[in-house]
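Everything numeric here is computed off the predicted structure, so don't read it as measured data.
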Amino acid sequence: VTYRTFVRLAEVWAALERCAPGYGKRHTRDHFRVTYEGRFYDLSCGPHGDVERAKIFFSDVRKMSRHLQIQDCVIPLLGE
Amino acid sequence: MVMSSEWPLYFTHRESIEGKGYVAQVNMQGRVLVAREPRSDSDLPAWVFYGVQPSSLSAEAESVPAAFALFRERLKDVLFSIADDARDFDEFQAAVRAFFSETDSDADVWVRRAAEVRAGQTVQEMAVSRLPRRVAHEVEPTCSVVNVSAESYRPSPENNVASQIFQTTAA
């Protein structure tokens, strides 16, 4: 399977709404800390600018979804 | 078409972190999966470091050294945010150890890939095969967090450790 390089942050939040109901997020330094069922993942969104418009590496989203054990739901939603 | 592949690597990294009333030295000897992945919107494959221990981070760049440099930056950023949250050294130490110990499904993949390499499977990718080698028992995952602002701490040049990546070997 071949994936694109970047995903828009809004797409990530939409996927999490569906695949990780009740997940938490907060902006800390250069990333968003996503929490779900006792685990956390720091999603890198770059140090400057409008973070909500940030592009996220798809590889970072894949790793986040594996770490939060929601990959079976997230990857089909965001993959090409 | 570039086929995706992944290899099990070790890394060492040392970082000084200032917290609330203390300075901590974090030493990690961890594990990563490094992957060479095709991209649908680029002719060039990406090199991705997927954390195994610690597992909750990744870094992507155009080469193995660049991806490792970014991985270290991301690791430092996570440690900074843990220091932001921790009320004192004990809390920071406990949170870093928990961050380092928590694994996911990549840990099983790493073990399988390492077993294949130790069984004699050749690493064809030059960017990986030219990395220095270590036998597994020399690089068991460890994480130490030391309060270097404590009076009992004795600085020594022997504590200086370079950040490096290694591949596993059969010997």
Side-chain angles (χ1 to χ4, degrees), chain A residues 1-9 11-12 15-16 19-20 23-49 51 54-80, chain B residues 1-4 6 17 32-62 66-67 70-86 95-96 98-99 101-110:
Chain A
V1 180
T2 303
Y3 299 103
R4 54 189 156 149
T5 304
F6 293 107
V7 183
R8 287 184 297 114
L9 193 54
E11 293 179 86
V12 178
L16 285 170
C19 301
Y23 80 95
K25 68 171 179 183
R26 67 184 168 99
H27 192 213
T28 61
R29 291 182 179 262
D30 294 350
H31 55 256
F32 276 98
R33 175 157 294 186
V34 177
T35 53
Y36 181 62
E37 294 196 337
R39 293 189 155 221
F40 78 84
Y41 189 88
D42 288 334
L43 199 59
S44 182
C45 57
H48 305 295
V51 291
K55 287 180 176 176
I56 310 296
F57 276 114
F58 200 109
S59 53
D60 210 20
V61 176
R62 289 173 66 204
K63 181 58 182 170
M64 177 193 72
S65 65
R66 287 204 293 266
H67 192 71
L68 301 180
Q69 300 172 342
I70 52 175
Q71 68 270 35
D72 291 345
C73 177
V74 168
I75 300 307
L77 281 178
L78 296 180
E80 290 183 331
Chain B
M1 168 67 81
V2 179
M3 299 302 291
S4 63
E6 56 194 5
I17 305 290
V32 294
L33 278 171
V34 62
R36 188 172 185 244
E37 298 179 348
R39 292 286 173 255
S40 61
D41 50 6
S42 173
D43 293 335
L44 296 174
W47 284 98
V48 188
F49 272 55
Y50 291 111
V52 172
Q53 213 172 339
S55 63
S56 62
L57 73 164
S58 71
E60 175 170 334
E62 71 282 3
L70 191 60
F71 184 83
R72 297 197 307 269
E73 283 301 307
R74 298 238 22 228
L75 180 55
K76 184 166 69 176
D77 194 45
V78 175
L79 295 173
F80 282 170
S81 70
I82 292 174
D84 287 340
D85 292 344
V96 171
F99 162 69
S101 302
E102 192 174 82
T103 59
D104 56 37
S105 59
D106 282 344
D108 298 330
V109 176
W110 193 97

**Study point:** From B/Leu44 atom CG to A/Thr5 atom OG1, the distance as rounded to the nearest 0.5 Å
**Key:** 10.0 Å
Review point. Hey, what do you get for OG (B/Ser58) to CZ (A/Arg62), rounding to the nearest 0.5 Å?
Key: 9.5 Å
Practice item. Could you tell me whether B/Asp84 and A/Arg33 have a side-chain N and a carboxylate O separated by less than 4.0 Å? Key: no
Revision key, fill the gap. Between A/Phe6 and B/Asp41 the two heavy atoms that sit nearest each other are N-OD2, 4.5 Å
Check your understanding: Which atoms of A/Leu68 come close to chain B, meaning under 4.5 Å heavy atom to heavy atom: side chain ones, backbone ones, both, or neither?
Key -> neither
Check your understanding: chain B heavy atoms under 4.5 Å from A/Gln69: which part of the residue, side chain, backbone, both or neither?
Key -> neither
Practice item. Answer with side chain, backbone, both or neither: which region of B/Val48 has an atom nearer than 4.5 Å to a non-hydrogen atom of chain A? Key: side chain
Check your understanding: What's the shortest heavy-atom distance between B/Ser55 and A/Lys63, and which atoms?
Key -> O-CE, 2.6 Å
**Study point:** Interface moiety of B/Arg74 toward chain A, non-hydrogen atoms closer than 4.5 Å
**Key:** side chain
Review point. Rounded to the nearest 0.5 Å, how far does OG of A/Ser44 lie from CD of B/Glu60?
Key: 11.0 Å
Revision key, fill the gap. Note: B/Glu102 and A/Gly38 closest approach over all heavy atoms is OE2-O, 4.3 Å
Exercise for review: Just give me the residue among B/Ser42, B/Ser81, B/Ser56 that pairs up with chain A most often, heavy atom to heavy atom, under 4.5 Å.
Suggested key: B/Ser56
Review point. Quick one: CZ on A/Phe58 to CZ on B/Arg39, what's the gap to the nearest 0.5 Å?
Key: 8.5 Å
Revision key, fill the gap. Rounding to 0.5 Å, atoms CG (B/Asp104) and NE2 (A/His67) come to a distance of 6.0 Å
